[in-house]
Trainee: 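Once you've had a glance at the structure underneath, I'll fire off some questions.
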Amino acid sequence: MTSPADRPSPDRLREIADAADRAFSLLPARPEEVSPSLTGPVRGAARRLRADPDTVERDLVRLVLTIVELLRQLMERQALRRVDEGDLTEEQEERLGLTLMLLHDRMAELCDSYGLTLADLNIDLGPLGTLLPP
């Protein structure tokens, strides 16, 4: 926790915001303005950042569902670890398994209602690979 003395003053925050605005105003609107032959990650990132008004809702839902799916998979792995270690009673294991199955089914229903598949939620992180395990 920072103390009030450690926080930047409102004037300093305004300076930082103005500097950021100036820096962003210097960036080209399109990668082609830097170089017509620009390829690779910069061009790919620019393409991914363009928001299409017709698909922005679906893209936002996809992002939210991706985060929920990531958390669901982490919970599932944690539950399996606890089962393997014998930390749970049979009743707890049964309830946990049923809950995870219901959550998986609900995720599939949500994806279906927005025209997505669970595979669509596996975002490609470029050189890092995909977000979710296959």
Side-chain angles (χ1 to χ4, degrees):
M1 190 106 190
T2 61
S3 69
D6 295 336
R7 293 186 191 131
S9 70
D11 290 333
R12 180 68 181 134
L13 290 175
R14 260 187 240 103
E15 287 175 23
I16 294 169
D18 291 342
D21 285 341
R22 283 191 304 276
F24 281 114
S25 70
L26 297 174
L27 292 174
R30 295 178 303 219
E32 295 81 19
E33 292 175 11
V34 175
S35 169
S37 63
L38 188 62
T39 59
V42 173
R43 173 171 241 147
R47 203 174 15 244
R48 287 191 302 265
L49 293 176
R50 289 191 187 127
D52 181 2
D54 298 331
T55 63
V56 73
E57 179 184 1
R58 183 176 181 269
D59 293 342
L60 181 60
V61 168
R62 180 180 176 213
L63 178 61
V64 170
L65 289 178
T66 297
I67 293 168
V68 171
E69 177 63 12
L70 176 64
L71 293 173
R72 186 195 71 76
Q73 287 187 16
L74 290 172
M75 287 174 23
E76 187 174 302
R77 282 189 224 126
Q78 178 71 10
L80 289 174
R81 186 191 60 77
R82 290 188 65 197
V83 167
D84 289 343
E85 290 178 358
D87 290 349
L88 305 173
T89 65
E90 274 189 46
E91 181 182 318
Q92 289 172 323
E93 287 179 16
E94 192 68 32
R95 194 173 66 224
L96 188 59
L98 180 60
T99 301
L100 290 172
M101 286 187 338
L102 290 171
L103 185 55
H104 182 272
D105 291 344
R106 184 65 181 131
M107 281 296 297
E109 288 173 21
L110 285 169
C111 285
D112 191 44
S113 67
Y114 284 94
L116 299 166
T117 65
L118 288 173
D120 291 333
L121 304 182
N122 200 359
I123 295 174
D124 182 9
L125 300 175
L128 298 175
T130 56
L131 178 66
L132 304 171

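Everything numeric here is computed off the predicted structure, so don't read it as measured data.
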Trainee: Assess the residue pair Leu98 and Met101 against the criterion (side chain to side chain contact (heavy atoms under 4.5 Å, CB included)); give the C-alpha distance rounded to whole Å, side-chain angles, the decisive distance to 0.1 Å, and a yes or no.
Mentor: CA-CA 5 Å; Leu98 180 60; Met101 286 187 338; 4.3 Å; yes
Trainee: If every non-hydrogen atom of Cys111 is compared with every non-hydrogen atom of Leu121, which pair is closest and at what distance?
Mentor: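 Nearest pair, atom of Cys111 first, then Leu121: SG-CD1, 3.6 Å.
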Trainee: Closer than 3.5 angstrom, by distance alone: can the side chain of Asn122 be matched with the main-chain N or O of Ala119 as a donor-acceptor pair?
Mentor: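 Absent.
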Trainee: Grab the two heavy atoms, one from Glu93 and one from Leu88, that are nearest each other, plus how far apart they are.
Mentor: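 That closest heavy-atom pairing would be OE2-O, 3.6 Å.
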Trainee: Do you reckon Leu125 sits in the same ILVMFWY cluster as Leu132, going by side-chain contacts under 4.5 Å, direct or chained?
Mentor: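 Both belong to a single hydrophobic cluster.
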Trainee: Is any side-chain N of the basic residue among Arg82 and Glu85 closer than 4.0 Å to the acidic one's carboxylate O?
Mentor: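 No.
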Trainee: Roughly how far, to the nearest 0.5 Å, is CG of Leu96 from CD of Glu76?
Mentor: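 Reported value, rounded in 0.5 Å steps: 9.0 Å.
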Trainee: I need the Arg72 CZ to Arg77 CZ distance, nearest 0.5 Å.
Mentor: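 One gets 9.5 Å once the value is rounded to the nearest 0.5 Å.
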Trainee: Do Leu103 and Leu110 belong to the same hydrophobic cluster, where Ile, Leu, Val, Met, Phe, Trp and Tyr are linked whenever their side-chain heavy atoms lie under 4.5 Å apart, directly or via other members?
Mentor: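 Shared cluster, no.
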Trainee: Is atom CD of Glu109 surrounded by more than 12 heavy atoms (other residues, nucleotides or ligands) closer than 6.0 Å?
Mentor: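 Atom CD in Glu109 is crowded, with more than 12 foreign heavy atoms closer than 6.0 Å.
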Trainee: Looking only at heavy atoms, what is the nearest atom pair of Gln92 and Asp87, with distance?
Mentor: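 Looking at all heavy atoms of both residues, the shortest contact is OE1-O, 4.3 Å.
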Trainee: If two hydrophobic side chains count as joined below 4.5 Å and joins carry through other members, does Leu131 share a cluster with Leu63?
Mentor: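 Linked, Leu131 and Leu63 end up in one cluster.
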Trainee: Give the minimum heavy-atom separation between Arg62 and Ile123, together with the two atoms involved.
Mentor: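 Scanning both residues completely, I find the closest heavy atoms to be NH2-CG1, 4.4 Å.
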Trainee: What pair of heavy atoms forms the shortest contact from Leu65 to Met107, and how long is it?
Mentor: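 For Leu65 versus Met107, the nearest heavy atoms are O-CE, 3.4 Å.
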Trainee: Where do Asp120 and Leu116 come nearest, in terms of heavy atoms and distance?
Mentor: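 Of all heavy-atom pairs spanning Asp120 and Leu116, the closest is OD2-CA, 3.4 Å.
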Trainee: State whether the side chain of Arg58 and the backbone N or O of Gly115 hold a donor-acceptor pair below 3.5 Å, judged by distance alone.
Mentor: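 Yes; judged by distance alone, with no hydrogens or angles, the pair exists.
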Trainee: Is there a path of hydrophobic side-chain contacts, each under 4.5 Å between heavy atoms, that joins Leu70 and Met75?
Mentor: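 No: no chain of side-chain contacts under 4.5 Å links Leu70 to Met75.
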